Asker: 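Take this structure first; my questions come after.
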Amino acid sequence: MAEPKTNELMEKIVSLCKRRGFVFQSSEIYGGINGFWDYGPLGAELKRNVKDYWWRAMTQQRDDVVGLEATIIMHPKIWEASGHTRTFSDPMVDCLLTKKRFRADQIEPQSGTAYHYAGAKDETTGKASDEAYSVLVPPGKPPESARKVANQFYQQRGIATPTLLGERSEQVKESTRYNPENGSLVTEPRPFNLMFKTYVGPVESEDGVAYLRPETAQAIFVQFKNVLAVARQKVPFGICQIGKAFRNEINPRNFTFRSREFEQMELEFFIKPDEVAKNTPANPENPQANWGWSEWHKYWVEERVKWYESIGLDRNTLEFYHQPANELAHYAKATVDILFKFPFGTQELEGIAARGDFDLKQHQEYSGKSMEYLDEETKAKYVPHVIEPSAGVDRLILALICHAYHEEQVTDEKGAVETRVVMKFHPRVAPFKVGVFPLLKNKPELVKKAMEVRDLLRPHMTAFYDEAGAIGRRYRRQDEAGTPFGVTIDFDTLGEKPELLDTVTLRDRDTMQQVRVKIDELVPLLLSKIR
RNA sequence: GCGAGCGUAGCUCAGCCUGGUAGAGCAUCACGUUGCCAACGUGAGUGUCGAGGGUUCGAAUCCCUUCGCUCGCUCCA
């Protein structure tokens, strides 16, 4: 089937999301608020299904993972221990000429001669700028190179043929105020705090400063001892959590992909340090308590890929990025990103990191509380290491929507070709599982029977009843909502052909094929398809 | 944050240049019709033209500010 081009495709998807009620812009009637999105009726069902299914797969169906639900606002010292207070508030500077942005502390100190200018004037037009500007040139280079850069600067400000005013020079040593690439002055360092700040208590004072969590993981680490004490688990075991996190992104982009308020699904899986584990490679299907971090890391990557497959994102729709050593965070031993090919580019859905014992050690140090675990089997005492599969819920929802979106050319019986838009969600995550339709709405017997069928299905699955308009139109509406099955009550259901009494047609969203099914068999049949 | 473009009905968009207080298609709702894939008929509704301010007798249209969206740069623990 022909798919539209990328930008066009993304626009169609955004449009459908609004039209059908998957995603709305937050606070839209007030003009919207950048980086925040709401889920409409269909989106809310979809997201709930995805989270429920993750929760079921990660903890309810495993012996070795337990759940946690922690608060969004936590003790501010947590973010000092985790490093977020430091790394999330780097002062940044921009090059005044190229606008390129640097971390202020990462600019290589420069020495040389700085040429300062008070402004510039265009002798022919009379246009002038009194904006001060400076250029640093390396020792021994003539002032002409500084003037060239300064000319560019003033030309950008609308002075076509600038005459530089008030030039004076100065020797500078080890300055970080200039762009090392072109010598241009940079802006004053400006703080960028990526954490949302708030105040605990009614009085806004610095004592009460707190942050909305920028990730859910830390909550798990700080509750590690409590969970350990009650969960009757032995290392290796995991703690998982689903919850909101907040980042004051400089520039939210790509629909819901990078939002300022978003939801994460995270597992922290605690394992033995390699010195304690015997590090016995074994059958990957059969996890071993004594696996080292490398085996566990591979195991969780595979587990997660299987999970994505189970909701319809086949392996070949994903890409895998093994972060090279120079990109790894200093505490990480390995990170594998699971990526999805979005229309706007291939982007990360989940990162699976082997984080060593960094996080627990940090909290041990900052809180003064021991994070050690007594391994009864080996009698060893250690701070467990951790494997962290961390997924973004909202970007996964977006991936599912993009993946589900299909346009198909359909030829009707009159030979006219039209486009069918169909959202091919996996039945497990589809917002509605089944649509129930009376063939005609002006026949009370059909309507009555259809309502009975709806009521029969409703305790088991989300069922959408629709009687408005022609039957084909109702099918197409459900195609756009991604409802995988349609049940139609017709005259045969009522016994027009006696052998078909109490049977209905069951339509498959993707193939549009219909089969006749006994009403009695509907619930078990559909349940087998949506679980 | 910087640069460029854009913002008109639920959606897609015309109108803007050259000011005279808004339109199309689709969608929605009601009634009728409809015997399985966006049929048809009749009728109905909707816009503070993104917001605020200015110019003008008069602003969707011109100017300024602001918010939002898209793209590029930047950022991305």
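Keep in mind that this is a model prediction, so the values were computed, not measured. Chain letters run A, B, ... following the sequence lines, proteins first and then strands; every chain starts at 1.
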Asker: According to the Watson-Crick and G-U wobble definitions, with both distances under 3.5 Å, which nucleotide is paired to B:rG35?
Answerer: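 Looking at the geometry, B:rG35 pairs with no nucleotide.
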Asker: Look at all strands and tell whether A:Gln513 reaches a base, only sugar-phosphate, or nothing, counting heavy atoms closer than 4.0 Å.
Answerer: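 Touches nothing.
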Asker: Pairing check on B:rU61: which nucleotide meets the Watson-Crick or G-U wobble criteria with it, both distances under 3.5 Å?
Answerer: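 Base partner found: none.
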Asker: If you measure from the C1' atom in B:rU46 to the same atom in B:rG35, how many Å do you get, rounded?
Answerer: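 Approximately 35 Å lies between the C1' atom of B:rU46 and that of B:rG35.
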Asker: Kindly indicate whether the side chain of A:Tyr178, heavy atoms from C-beta on, has any atom under 4.5 Å from the side chain of A:Val186.
Answerer: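 In short, these two side chains do not touch, never coming nearer than 4.5 Å.
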Asker: With heavy atoms under 4.0 Å as the rule, sort A:Lys18 into base, sugar-phosphate or nothing.
Answerer: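 Sugar-phosphate contact only - A:Lys18 comes under 4.0 Å of backbone atoms but never of a base.
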Asker: Let's see if you can work this out: which of B:rC36, B:rC37, B:rA39 has an atom nearest to the side-chain heavy atoms of A:Arg507?
Answerer: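 Per side-chain heavy atoms of A:Arg507, the pick is B:rC37.
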Asker: Could you work out the separation of B:rG41 and B:rC26 based on their P atoms and round it to a whole Å?
Answerer: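 Rounded to whole Å, the distance is 10 Å.
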Asker: Just to confirm, is there a sub-4.0 Å distance from OP1 or OP2 of B:rU28 to any side-chain nitrogen or oxygen of A:Arg477?
Answerer: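 For A:Arg477, the contact criterion (side-chain N or O under 4.0 Å from OP1 or OP2 of B:rU28) is met.
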Asker: What interatomic distance, in whole Å, is found between C1' of B:rU42 and the corresponding atom of B:rA51?
Answerer: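 Each nucleotide's C1' atom is 40 Å from the other's.
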Asker: Before giving the answer on ring-ring contact (aromatic ring centres under 6.0 Å, His included), spell out for A:Phe320 and A:Tyr308 the whole-Å C-alpha distance, their side-chain angles and the decisive distance to 0.1 Å.
Answerer: CA-CA 13 Å; A:Phe320 303 91; A:Tyr308 285 108; 9.2 Å; no
Asker: Is A:Arg473 close enough to B:rU28 that one of its side-chain N or O atoms is under 4.0 Å from OP1 or OP2 there?
Answerer: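 It does, given that an N or O in the side chain of A:Arg473 lies less than 4.0 Å from OP1 or OP2 of B:rU28.
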Asker: Under a 3.5 Å cut-off for both contacts, is B:rG19 paired Watson-Crick or G-U wobble with anything, and if yes, with which nucleotide?
Answerer: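 Check on B:rG19: unpaired, no WC or wobble geometry under 3.5 Å.
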Asker: Taking atom P of B:rU70 as reference, at what distance in whole Å does atom CZ of A:Phe344 sit?
Answerer: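 One finds 10 Å between P of B:rU70 and CZ of A:Phe344, rounded.
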Asker: Find the partner of B:rC11: check Watson-Crick (N1-N3 plus N6-O4 or O6-N4) and G-U wobble (N1-O2, O6-N3) distances, both under 3.5 Å, and reply none if neither fits.
Answerer: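 Its partner is B:rG25 (Watson-Crick or G-U wobble, both distances under 3.5 Å).
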Asker: RNA chain B: A:Met512 or A:Ala468, which has the more 5' nearest nucleotide?
Answerer: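 Upstream on the strand: A:Ala468.
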Asker: Of the nucleotides B:rC69, B:rU33, B:rG35, which has the atom closest to the A:Trp37 side chain?
Answerer: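 Selected nucleotide: B:rC69.
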Asker: Let me know the distance between NZ of A:Lys497 and C1' of B:rG35, rounded to the nearest Å.
Answerer: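 Atom NZ in A:Lys497 sits about 11 Å away from atom C1' in B:rG35.
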Asker: Say we look at B:rA14 and B:rG52: how far apart would their C1' atoms be, to the nearest angstrom?
Answerer: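 Rounded to whole Å, the distance is 27 Å.
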Asker: Is the phosphate of B:rG32, meaning OP1 or OP2, less than 4.0 Å from a side-chain N or O of A:Asn442?
Answerer: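 For A:Asn442, the contact criterion (side-chain N or O under 4.0 Å from OP1 or OP2 of B:rG32) is not met.
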Asker: According to a strict under-4.0 Å criterion, is A:Asn254 in side-chain N/O contact with OP1 or OP2 of B:rC71?
Answerer: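 Result: yes.
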Asker: Determine the Euclidean distance between corresponding P atoms of B:rC17 and B:rG68; express it in Å to zero decimal places.
Answerer: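 Approximately 28 Å lies between the P atom of B:rG68 and that of B:rC17.
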Asker: P atom, B:rC11 versus B:rG50: distance in rounded Å?
Answerer: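 Going atom to atom, P in each nucleotide, I get 13 Å.
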Asker: Which base, if any, makes a Watson-Crick or G-U wobble pair with B:rU56, both distances under 3.5 Å?
Answerer: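 Base-paired to nothing in any strand shown.
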Asker: Now, which nucleotide makes the Watson-Crick or G-U wobble pair with B:rC69, with each of the two distances under 3.5 Å?
Answerer: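 Pairing partner: B:rG5.
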Asker: With centres under 5.5 Å and planes under 30°, do A:Tyr475 and B:rA38 count as stacked?
Answerer: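 Stacking between A:Tyr475 and B:rA38: absent.
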Asker: Whole Å only: how far is the CD atom of A:Gln264 from the C1' atom of B:rC76?
Answerer: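 After rounding, the reported distance stands at 13 Å.
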Asker: Scan side-chain atoms only and decide if A:Tyr321 and A:Gln323 contain a donor-acceptor pair under the 3.5 Å cut-off.
Answerer: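 There is no such pair between these side chains.
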Asker: Between A:Lys448 and A:Glu452, is the closest basic N to carboxylate O distance under 4.0 Å?
Answerer: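 Judged by the 4.0 Å cut-off on N to carboxylate O distance, A:Glu452 and A:Lys448 do form a salt bridge.
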Asker: Any donor and acceptor pair, going by atom type alone, linking the side chain of A:Thr483 with main-chain N or O of A:Val434 inside 3.5 Å?
Answerer: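 Side chain of A:Thr483 to backbone of A:Val434: no pair is present.
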Asker: So, applying ring-ring contact (aromatic ring centres under 6.0 Å, His included) with A:Phe22, which one of A:Tyr405, A:Phe255, A:Phe425 is it?
Answerer: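 Passing option: A:Phe425.
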Asker: Between atom CD in A:Glu480 and atom P in B:rC11, what is the gap in whole Å?
Answerer: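 After rounding, the gap between these two atoms is 14 Å.
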Asker: Are the side chains of A:Glu215 and A:Trp79 in contact, using a 4.5 Å heavy-atom criterion?
Answerer: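 They are in side-chain contact.
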Asker: Sticking with atom C1', work out how far B:rC63 lies from B:rG10, rounded to a whole angstrom.
Answerer: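 Here B:rC63 and B:rG10 have their C1' atoms 32 Å from each other.
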Asker: What's A:Asn34 touching, base or sugar-phosphate or nothing? Going by heavy atoms closer than 4.0 Å.
Answerer: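 Counting heavy atoms under 4.0 Å across all strands, the contact made by A:Asn34 is with sugar-phosphate only.
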Asker: Measure CZ/A:Arg260 against P/B:rC69 and give the value in whole Å, please.
Answerer: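 So the CZ-P distance, A:Arg260 to B:rC69, works out to 9 Å.
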Asker: Pick base, sugar-phosphate or nothing for A:Ile471, based on heavy-atom distances below 4.0 Å to the nucleic acid.
Answerer: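 Sugar-phosphate contact only.
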Asker: For B:rU21 versus B:rC57, give the span between their C1' atoms, rounded off to a whole number of Å.
Answerer: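 Between the two C1' atoms, the distance is 13 Å.
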Asker: To the nearest Å, how far apart are A:Asp337 CG and B:rC76 P?
Answerer: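 Answer to the nearest Å: 15 Å.
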Asker: Send over the distance from A:Leu194 CG to B:rC76 C1', rounded to a whole Å.
Answerer: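 Rounded to the whole Å, the gap is 8 Å.
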Asker: Mind calculating the distance between CG (A:Leu446) and C1' (B:rU33) to the nearest angstrom?
Answerer: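 In whole Å, B:rU33 C1' and A:Leu446 CG are 15 Å from each other.
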Asker: Using a 4.0 Å heavy-atom cut-off across all strands, classify A:Phe24 as base, sugar-phosphate, or nothing.
Answerer: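 It contacts nothing in the nucleic acid.
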Asker: Counting only distance, no hydrogens or angles, is the base of B:rG35 paired donor-acceptor with the side chain of A:Glu496 under 3.5 Å?
Answerer: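 A donor-acceptor contact between them is present.
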Asker: Checking all strands, does A:Gln25 fall into the base, sugar-phosphate, or nothing category for heavy-atom contacts under 4.0 angstrom?
Answerer: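 Sugar-phosphate, no base atom in range.
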Asker: Taking atom types as modelled, find out whether A:Ser390 and A:Glu266 have a side-chain donor-acceptor pair closer than 3.5 angstrom.
Answerer: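 Looking only at side-chain atoms, A:Glu266 and A:Ser390 do form a donor-acceptor pair, the distance falling under 3.5 Å.
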Asker: Which residue lies toward the 5' end of RNA chain B, A:Gly35 or A:Ser15, if each is placed at its nearest nucleotide?
Answerer: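 Checking each residue's closest nucleotide, the 5'-ward one belongs to A:Ser15.
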Asker: Determine which nucleotide pairs with B:rU46, using a 3.5 Å limit on both distances of a Watson-Crick or G-U wobble pair.
Answerer: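 The base-pairing partner of B:rU46, which may sit in any strand shown, does not exist here.
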